[in-house]
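Counting convention: from 1, in listed order, for ligands and their atoms alike. Worth saying up front: this structure is predicted, and the values here are computed from it rather than measured.
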Amino acid sequence: MLNLFLKLVLLFLSCFATLCKTCNQVDKESLLSIKLSIYSPAINWTSWVDCCLWEGIECDANGRVTHLQLPGRDLSGSISPSIGNLTHLSHLNLSHNHLSGPLPHHSFLSSVLVEVLDLSNNSLTGEFPSSLLSKVIRLNLDFSNNDFTGPIPPGLGNCSRLQVFRAACNYISGSLPDDIYAATSLEELSLHVNSLSGPISNTIVNLTSLIILQLYSNNLTGFIPQDIGKHTNLTHLYLHVNNLSGSLPPSMKNCINLIKLNLRDNKLEGDLSAFNFSMFRHLRTIDLGSNNFTGSFPSTLYSCKSLTAVRLSRNNIEGEISPEIVALESLSYFSLAQNRLTNATASIKILTGCKNLSVLFLCKNFKGEMIPDDITFSYAFPNLQVLALSKSQFQGQVPSWISNLRKLQFLDLSLNQITGSIPGWLGTMTSLFYIDLSYNLLSGEFLKELGGLPMLVSELQAAKKIGGSRLELPLFIPPNINASNEEYYSLLSLRPSIFLQNNSLSGSIPIEIGQLQFLQLLNLSNNKFSGNIPDQISKLTNLERLDLSGNNLSGEIPASLSGLYFLSEFSVANNNLHGLIPSGGQFHTFSIPNFEGNPGLCGDIIEISCSIQTRTNNNPVPSPSESSKKELVYGLTAGVVFGFIIGSVGGIFYPIRVYSLFRTL
Ligand SMILES: *[C@@H]1O[C@H](CO)[C@@H](O)[C@H](O)[C@H]1NC(C)=O
Ligand SMILES: *[C@@H]1O[C@H](CO)[C@@H](O)[C@H](O)[C@H]1NC(C)=O
Ligand SMILES: *[C@@H]1O[C@H](CO)[C@@H](O)[C@H](O)[C@H]1NC(C)=O
Ligand SMILES: *[C@@H]1O[C@H](CO)[C@@H](O)[C@H](O)[C@H]1NC(C)=O
Ligand SMILES: *[C@@H]1O[C@H](CO)[C@@H](O)[C@H](O)[C@H]1NC(C)=O
Ligand SMILES: *[C@@H]1O[C@H](CO)[C@@H](O)[C@H](O)[C@H]1NC(C)=O
Ligand SMILES: *[C@@H]1O[C@H](CO)[C@@H](O)[C@H](O)[C@H]1NC(C)=O
Ligand SMILES: *[C@@H]1O[C@H](CO)[C@@H](O)[C@H](O)[C@H]1NC(C)=O
Ligand SMILES: *[C@@H]1O[C@H](CO)[C@@H](O)[C@H](O)[C@H]1NC(C)=O
Ligand SMILES: *[C@@H]1O[C@H](CO)[C@@H](O)[C@H](O)[C@H]1NC(C)=O
Ligand SMILES: *[C@@H]1O[C@H](CO)[C@@H](O)[C@H](O)[C@H]1NC(C)=O
Ligand SMILES: *[C@@H]1O[C@H](CO)[C@@H](O)[C@H](O)[C@H]1NC(C)=O
């Protein structure tokens, strides 16, 4: 009590010490009624304290409230219409809260001069009130990451001093309103991830101050504005994932300050080598992937010395890579997958000159050539982390120069015609955790050496993945042969995998496989593996997908597999297995097709009852609660923290996993 009294005295004194700005009574009542519609234990606005001293509030000399700033304070509830009574408010920042409901249409900021209005990262709904955009000075408007719908109302054109307008990640539809092009002070226009349609008018050149233009992930059509080159200050141009057509406007070469250019996933076309990129001295990343560009690799791009990431995949670019590419000394990401390049060996030889290369994606080119294999490559690519040479019908064997790529984490040689056996050195590669050799002509055994793959065996090694930084451009990797590609911005989020399906591998599955404790996806289907399914597979406690179908495996399905709590896809179809299908754990979620083609199998899942004899021969299945405890303890002792929830509904278990495995090590 005394403490409080002292506080009050201090407040009182400090009020006199400075210019005492006693709170305007209307503003104070407005604030109190705003507080009523907001739920937050954290706001300590108390009516007997001068409201100009309240947290988040600032007043002018007359005691009128000018600032209301409570970003990231866990506020929920809605924004009261009383906010319209704060007639002197110029700074409103309620971003990063949980506010919901629509903005109060009629009164909201109806008579104010707003400089900063930031309502981003809430759950606000409804349409933008048009009155909101029609008033005078607005320097910075941010409505991003809410649930606003409807079109952008007219009025922006009157905001002649508006510098930043963000409304990304909402459900805004309609076309870009014409008068947006009259807000000539705009430096940033960010409306990405909405449902905008229609063209980008060439009038956008009126926005001469534009530095950042982000309109990606909408449904925009038409051409890239022909005079875009007038935007000499533009540094970020993000128009990807739209429906833009036509070619690159020649004037674009004058956007000499561009740092990032992303036009991927449109319907752009034209001879790319005819465009002159040489003025882009500051360009760091360029992504023109998934369009219909033709011609050879543009040689003027070799003049863009700042380039670190180049992605031109999924176009119709033909010819060879030129030795001039070594001029791009910072190049670390290079993807030309799915084009019409020729001469793989010469291409790789040239690229060995790019010492900083860490991602190399050249899939689906070089139809039917020999897989590049040259002893001189052994000393190249000291920084290579990702190598993808799939879908090219490459002939030859797994090239041995790959064994020297000390930093290689991801190797994809799938969908080629590679022969020979799996080389033993693969199992010693210190950084490798994703191997795809599927759909080739490989023969021989699944080497026990692979069971020693350091990244999948040792915690210390696996922890190295933490070092993975954000990639300059995403990797597009199919999670399954037929599924659409998933987008990865970090190698951290790629799941540790071994894909060997659709080869001619034979012999038994070695027990050493049980050492790969960090493995998440394993596909050995459609080979000629024989022998038993090793019990040791049950040690792969992180396994989410296990496909052993289409082999000659015999014996019983080890009951211990029911302890694999993250297993969500499983198949042993078309083998020679017999006996009781384990129950418990995830096995409740598997169905008949996962087991068909094994005449000897029986069990509830496939609705074939077993003889008493088979039943007693089987190992007892651990009860779910027991094994979940075991799993948890195992996980914790391994230093792994899972978001681990097991709910039991009618005996069916639903494990939910939070991908924190390698991050928390
Ligand atoms: C209100 O809370 C804020 C932050 O917790 C604190 O800084 C401020 O001193 C408090 N104000 C009053 C009047 O108690
Ligand atoms: C504040 O605004 C509300 C809603 O617009 C209005 O009903 C009320 O009379 C206003 N209060 C004061 C004190 O002006
Ligand atoms: C609003 O506050 C947040 C958190 O302090 C800050 O990051 C953001 O820049 C502010 N918004 C504006 C427009 O100033
Ligand atoms: C804002 O919201 C977006 C989308 O929900 C989220 O990705 C982002 O991390 C949030 N930003 C902050 C600073 O919380
Ligand atoms: C823009 O300002 C003019 C003049 O003040 C006004 O007449 C017009 O209605 C405003 N436009 C919009 C859409 O608010
Ligand atoms: C764009 O600028 C031109 C020339 O300055 C002007 O005539 C036109 O009205 C402007 N367009 C818009 C939408 O403001
Ligand atoms: C580009 O930016 C500079 C510095 O901010 C400014 O002086 C110049 O007017 C801008 N150029 C255009 C075309 O707006
Ligand atoms: C592009 O336009 C076509 C037809 O005009 C439409 O079918 C398709 O959905 C559009 N694509 C996107 C990404 O909006
Ligand atoms: C994009 O626009 C086209 C043509 O108006 C329409 O057919 C299509 O459904 C739209 N696509 C999306 C994703 O909104
Ligand atoms: C590209 O532009 C630069 C600078 O304007 C010029 O020197 C060069 O000759 C041009 N190259 C081509 C191939 O047109
Ligand atoms: C790509 O361009 C080629 C030749 O210019 C044309 O034949 C083909 O239809 C185009 N493909 C698409 C998907 O637009
Ligand atoms: C590939 O390029 C090299 C070097 O330019 C050349 O010697 C070789 O003949 C080329 N191979 C093919 C298949 O074109």
Side-chain angles (χ1 to χ4, degrees), residues 42 55-58 66-75 89-99 109 114-122 137-146 152 154-168 175-190 199-210 212 225-228 230-231 296-297 318-326 340-353 362 365-374 376-377 392-396:
E55 188 199 351
I57 302 299
E58 287 177 37
T66 56
H67 291 55
L68 169 49
Q69 306 193 107
L70 293 167
R73 292 306 311 271
D74 233 352
L75 310 181
L89 196 65
S90 62
H91 291 72
L92 177 64
N93 190 344
L94 298 174
S95 64
H96 301 105
N97 284 297
H98 315 286
L99 297 169
L109 302 176
V114 174
E115 288 179 37
V116 167
L117 175 58
D118 189 346
L119 298 174
S120 63
N121 283 56
N122 280 288
I137 317 172
R138 301 217 165 93
L139 301 181
N140 194 331
L141 292 179
D142 195 341
F143 300 99
S144 306
N145 297 309
N146 282 289
I152 299 171
L156 278 171
N158 279 4
C159 307
S160 60
R161 287 181 56 198
L162 183 66
Q163 288 173 345
V164 174
F165 180 52
R166 298 188 188 122
S175 53
L176 290 164
D178 270 346
D179 71 344
I180 208 170
Y181 306 120
T184 49
S185 297
L186 265 185
E187 292 176 2
E188 177 179 342
L189 179 60
S190 294
I200 307 168
S201 162
N202 197 45
T203 322
I204 200 168
V205 302
N206 284 21
L207 306 180
T208 50
S209 308
L210 215 52
I212 296 175
Q226 293 306 298
D227 293 324
I228 192 147
K230 294 201 173 144
H231 290 292
S296 55
F297 187 88
E318 54 196 15
E320 300 187 13
I321 291 164
S322 153
E324 291 172 86
I325 199 167
V326 301
R340 298 178 182 181
L341 299 178
T342 50
N343 207 337
T345 302
S347 300
I348 299 282
K349 194 169 204 123
I350 288 164
L351 288 166
T352 59
L362 293 176
N365 282 290
F366 316 114
K367 276 272 149 58
E369 295 184 17
M370 289 301 291
I371 193 160
D373 196 357
D374 185 314
T376 62
F377 300 165
S392 302
Q393 297 166 27
F394 276 130
Q395 318 222 341

Applying side-chain contact (heavy atoms from CB on, under 4.5 Å), name anything that partners Asn146, two or more places apart in sequence or on another chain.
Asn122, Leu124, Phe148, Asn170
Could you tell me how the ring of Phe394 sits relative to the ring of Phe366: parallel (under 30°), tilted (30 to 60°) or perpendicular (over 60°)?
parallel
Keeping the roles fixed (side chain from Asn97, backbone from Ser95), state whether a donor-acceptor pair exists under 3.5 Å.
yes
Which pair of heavy atoms, one from Gln395 and one from Gly368, lies closest together, and at what distance?
CG-O, 3.9 Å
In this structure, CG of Leu94 is separated from CG of Leu92 (nearest 0.5 Å) by 4.5 Å
Has Asp178 got more than 12 heavy atoms of other residues, nucleotides or ligands less than 6.0 Å from its CG?
no
Which atoms of ligand 12 are found less than 4.0 Å from any heavy atom of Ala346?
1 (C), 2 (O)
Which heavy atom of Ser144 sits nearest a heavy atom of Arg166, and at what distance?
OG-CB, 3.3 Å
Please identify which atoms of ligand 6 are closer than 4.0 Å to at least one heavy atom of Ala182.
14 (O)
What short N/O contacts, under 3.5 Å, does ligand 3 make with the protein, listed by atom pair and distance?
{"from": "ligand 3", "atom 1": "2 (O)", "to": "Asn93", "atom 2": "ND2", "distance (Å)": "2.3"}
{"from": "ligand 3", "atom 1": "11 (N)", "to": "Asn93", "atom 2": "ND2", "distance (Å)": "3.0"}
{"from": "ligand 3", "atom 1": "11 (N)", "to": "Asp118", "atom 2": "OD2", "distance (Å)": "2.7"}

Does an N or O anywhere in Asn206 fall below 3.5 Å from an N or O of ligand 6?
yes
